[in-house]
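Read the structure below first, then the notes.
Small disclaimer: the values here were computed from a predicted structure and weren't measured.
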Amino acid sequence: MKSIYTLLVLALCANAVFAQNEDYYNPVTAPVKPFYDPVTPQINTFKTNREKAIFAKYSTEKIRNRWYIGFDGFIGTDKSTLTNTLQGLVDTKSASRSGYSASIGWVNQEKWGLELEYARSPIHNTLIINNANPLEYKMDNDKNNIAIRAKRRILFGKSNSSVRRSAFWIGAGAGIVPNSGKQKDFMEFEGYIRRTRLTNDTLYLSSDTRTNTKITGFADATAEYVIKVAKAFDLSFYARKRWGLGNSLSTNLDYYVNKVQTQTATIKADGSGWAFGISLRYMLFVGHDEGGKHDLE
């Protein structure tokens, strides 16, 4: 009888063991909550879509007007003229120069612009004294220039002309050169030239450089390519041709032979020449067509 009970217990235990689910020791793969969506991908997708929307808004939004300030650095040339070479003793040539400026500008409908600029850029006179080893001297004026320019954007057939984007601009302007009327430089040169085997001539040359006592002017034309580098910054690469209106700097030369003045000459400079530069511009204000003002971050 005991054997029968023992077999019955063993049969019940074996049935319980075989009745267990074969996936009992496998990890649970069903979601903890029904309809569960991961949080992180939704946040990332939201941020990405928002950034795209903001970028699209500012890259296609029409602009009513804007104000900017600019800081320029440039190099260029200016030429001077000589009235008399003193029988080949003196000469002149174009001088290279570097300068910098600050400007404030206003742009309307991304089509027209006005710009006011103050520049520190010298106007040169170059004196060359010819001999076995030529001597070269540069004299410059007070270096002050004030200009106002009007600019026009070249659209090349783009229909959405009121959107701020990289583009070509052309412009024309005029300005003044304030002159102090002061003496800038005075030099004296003395030498000898053999007239016969027994006698020499004593040569004397004086150079007196002064700025004009009056304000002079200039006109210029500009071609530039403006690149939008950020929401608040533009970068401009430009070439500028300048025509001087009046001599800002004059160098008077007096030539003496044996203490007798024989000839005179004058070197004059009005600032005519070329300049090539780069300008970084910061947007102070941007007004859009719907009438709203957008602060620039």
Side-chain angles (χ1 to χ4, degrees), residues 73-101 119-146 175-220 240-276:
F74 54 87
I75 59 174
T77 60
D78 63 320
K79 63 180 181 179
S80 51
T81 59
L82 177 63
T83 60
N84 184 7
T85 64
L86 305 180
Q87 297 179 340
L89 177 62
V90 297
D91 201 356
T92 190
K93 68 176 185 179
S94 297
S96 60
R97 71 181 190 273
S98 61
Y100 60 91
S101 67
R120 287 284 293 173
S121 175
I123 296 174
H124 292 100
N125 267 348
T126 303
L127 170 63
I128 300 174
I129 300 178
N130 295 313
N131 56 22
N133 297 305
L135 305 175
E136 183 177 320
Y137 301 91
K138 284 184 181 180
M139 291 76 70
D140 52 38
N141 71 338
D142 300 319
K143 303 180 182 181
N144 298 313
N145 301 266
I146 301 172
I176 60 173
V177 181
N179 299 298
S180 64
K182 295 181 178 179
Q183 184 182 59
K184 304 300 292 184
D185 207 341
F186 182 81
M187 296 181 289
E188 295 176 305
F189 307 90
E190 188 171 310
Y192 303 91
I193 186 172
R194 178 164 294 185
R195 184 161 55 93
T196 67
R197 293 182 61 184
L198 300 177
T199 59
N200 294 327
D201 287 339
T202 301
L203 308 180
Y204 173 82
L205 178 67
S206 67
S207 167
D208 184 15
T209 303
R210 296 175 182 270
T211 58
N212 203 321
T213 56
K214 299 179 180 179
I215 294 175
T216 55
F218 61 89
D220 62 33
R240 181 170 294 146
K241 173 62 177 175
R242 179 168 166 172
W243 297 271
L245 306 174
N247 296 309
S248 175
L249 191 66
S250 298
T251 300
N252 295 315
L253 304 173
D254 294 319
Y255 182 53
Y256 294 79
V257 178
N258 297 327
K259 298 183 179 180
V260 177
Q261 185 176 12
T262 60
Q263 298 183 69
T264 62
T266 303
I267 303 175
K268 298 179 179 180
D270 58 12
S272 297
W274 286 89
F276 303 90

**OP:** Please check if the side chain of Asp142 supplies one atom and the backbone of Asn144 the other of a donor-acceptor pair under 3.5 Å.
**Re:** no
**OP:** Could you tell me whether Leu135 atom CG has more than 12 heavy atoms of other residues or ligands within 6.0 Å of it?
**Re:** yes
Original post:
Is there a donor-acceptor contact under 3.5 Å linking the side chains of Tyr204 and Glu188?
Top reply: yes
Original post:
Within a reach of under 6.0 Å around NZ of Lys184, are more than 12 heavy atoms found that belong to other residues, nucleotides or ligands?
Top reply: yes
Original post:
Would you say the side chains of Asn145 and Ser121 form a donor-acceptor pair under 3.5 Å?
Top reply: no
Original post:
Would the Tyr256 and Phe189 ring centres measure less than 6.0 Å apart?
Top reply: no
Subject >> Beyond-backbone contact of Ile193 with Asn200, side-chain heavy atoms, under 4.5 angstrom >> reply: no
Original post:
With no hydrogens and no angle check, do the side chains of Ser80 and Thr92 hold a donor and an acceptor under 3.5 Å apart?
Top reply: yes
**OP:** Determine the sole option in Asp254, Thr85, Asn84 for which the side-chain hydrogen bond (donor to acceptor under 3.5 Å, both in side chains) test with Gln263 is passed.
**Re:** Asn84
**OP:** Could you pull out the closest heavy-atom pair between Asn179 and Asn212, with the gap in Å?
**Re:** CB-O, 3.0 Å
Original post:
Are there more than 12 heavy atoms of other residues, nucleotides or ligands under 6.0 Å from atom CD of Glu190?
Top reply: yes
**OP:** Tell me, yes or no, whether the heavy-atom count around Phe276 atom CZ, taken from other residues, nucleotides or ligands under 6.0 Å, exceeds 12.
**Re:** yes
**OP:** For the pair Asn141 (side chain) and Thr211 (backbone), establish whether a donor and an acceptor sit closer than 3.5 Å, ignoring hydrogens and angles.
**Re:** no
**OP:** Answer yes or no: does atom NZ of Lys214 have more than 12 heavy-atom neighbours from other residues, nucleotides or ligands under 6.0 Å?
**Re:** no
